[in-house]
Amino acid sequence: MNELEAKTTFSRELLAWYRRGNRDLPWRRSRDPYFIWVSEIMLQQTRVDTVIPYFNRFVERFPTVKDLAEAPEEDVLKHWEGLGYYSRARNLQAAAKEVTERYGGRIPDDVEAVRGLKGVGPYTSGAILSIAFNRPEPAVDGNVMRVLSRYFCIDEDIAKPATRVGMEGLARELIPEGAAGDFNQALMELGALVCTPRSPHCLTCPVMEHCAGRIAGREEELPVKSKAKPPKPQHRLAVLAKRADGRVLARQRPAQGLLARLWELPHVEAPGVDTWDSAEAGPRWLAETLALEGVGVAPTRHLGDAEHVFSHLHWYVRVWGAEGALFEADGPEASALPMAASAAGGDAARETAAGYDAAGEGLSGGSLPEGYRWIDRADFEALAWPNVFRKILAEHFGGAE
DNA sequence: TAACCGTGGAG
DNA sequence: TCTCCAAGGTT
């Protein structure tokens, strides 16, 4: 069998396998390009089983591009809470606004236009165009690279961007006439169900007969993929400051970067693990650093530790409780914050404290720094939190989910 | 190019 | 417990 025949056979058999039966997924029940789009964004680096409930809630709340474009951002983030990679949500809404304004609310059936939308890269544009419009565009994700690496016995490192470009060329050649959407989904379906990362199920594979990787006995060692760097450890000190009325001090993260615009307990990075782990230096560092930001708290009780692993960071979070959280500059509680009024942060701490009343009931002058808020249980449930803080606060508010 | 960006399931 | 990594994109 020559090379062309091998490719043709692969495509025909794979497509037939897919059409014989595939998974019943929510976004496959619709031909709405918007639904395809939403699903593809959610599926970036995220498993199908995880996405399904999020997808259902999302399209129920935002049934059209226009609904999404007009929604408050906090509403969109709340529907993304727990799914991770939150810039996807903000980019999706920004793109929905662009589709509404420039394309009248309809996803354009056009390669350049789709590729130009925020959050849509080479994979996602190919997926949208092929699945929604049956355009013969490749959609090369991790599944596809694994399948092609094995079937064609390709040794290139799939972690390198250049390899994906090459795979796209190959995948483009493989698309059967008039069947781009089904074929691209077939490739991914095979990778997800049969040609799995470990222990591929070659015995039940529809294309095993001509699979060069299997024939070479290399199905377990392909694809070649260089290892990712381990996440960098970071030791963080957080404060759970409780007001007399039960409200807790929280703050919203900046609009850019990690966990952008999500809510969290105030926390700072410890200068080292020793400070983090010290019952004296830890809370002192926490109070002094927050004082410099204009927040006066007196952390006294170690409530517990939490751990959270991101793709590139490993957080060790120590949570300190602060009762009657706020101090008054010249009052008795000022001494509960060692050095705050004397050392480096003295001026800032004094300035901060001026806004609080003596009883620790909260603000007397409404001068919490930008982004900070006293929240109750209802606020906690309405706002969007990263998982690590949602767990901590769920415990505090009595299991509220 | 390489770093940045979350979370959870599977083995 | 630990490692891998999933329907990637942006900077």
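Quick note: numbers below take in every heavy atom, side chains included, and nothing from hydrogens, waters or symmetry partners. The structure presented is a predicted model; accordingly, all values stated were derived computationally and were not measured. By convention in this document, chain letters (A, B, ...) are assigned in the order of the sequence lines, proteins followed by strands, and residues within each chain are numbered from 1.
Residue A/L259 contributes atom CG, which lies 9 Å from atom P of B/dC5 at whole-angstrom precision. Atom P of nucleotide B/dT7 and atom CD of A/E307 are separated by 14 Å, given to the nearest angstrom. Atom NE2 of A/H308 is separated from atom P of B/dG6 by 9 Å (rounded to the nearest Å). What separates CG of A/D157 from C1' of B/dT1 is a distance of 13 Å, to the nearest Å. Distance CD1 (A/I41) to C1' (B/dC5): 14 Å, rounded to an integer number of Å. A/N387 places its CG atom 14 Å from the C1' atom of B/dG9, with the value rounded to the nearest Å. Spacing between atom CZ of A/F310 and atom C1' of B/dG8 amounts to 14 Å, rounded to whole angstrom units. Between the CG atom of A/L193 and the P atom of B/dG9 there is a distance of 18 Å, rounded to whole Å.
By the ring pair (Phe, Tyr, Trp, His ring centres under 6.0 Å) test, A/Y316 pairs with A/H235, A/H314, sequence neighbours left out.
Rounded to a whole angstrom, the distance from the P atom of B/dC4 to that of C/dA7 is 25 Å. Only the P atoms considered, B/dC5 is 22 Å distant from C/dC5, to the nearest whole Å.
Put simply, the side chain of A/H79 gets close to the backbone of A/D75: a donor and an acceptor are under 3.5 Å apart.
Taking the ring centre of A/W276 as origin, the terminal cationic atom of A/R236 falls outside the region bounded by 6.0 Å and 45° from the ring axis. Stacking of A/R12 on the aromatic ring of A/F10 is not recorded, the 6.0 Å distance cut-off and the 45° axial limit not both being met. Within the cation-pi definition used here (under 6.0 Å to the ring centroid, within 45° of the axis), A/R247 does not qualify as a partner of A/W374. Judged by the 6.0 Å distance and 45° axis criteria, A/R90 is not positioned over the aromatic ring of A/W80.
Note on residues 156-200 of chain A: no pairs pass ring pair (Phe, Tyr, Trp, His ring centres under 6.0 Å), not counting sequence neighbours.
Residue contacts shown for A/K229 are limited to sugar-phosphate atoms, with no base heavy atom under 4.0 Å away.
Looking at which nucleotide of DNA chain B each of A/D49 and A/L83 is closest to, the 5′-most match is held by A/L83.
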TODO: Summarise how protein sits on nucleotides 2-11 of chain C as a single string, 5' to 3': B when a protein heavy atom is under 4.0 Å from the base, S for sugar-phosphate-only contact, - for no contact.
DONE: --SBBBBSS-

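Contact annotation: A/H312 side-chain N/O to B/dC5 OP1/OP2 distance is under 4.0 Å.
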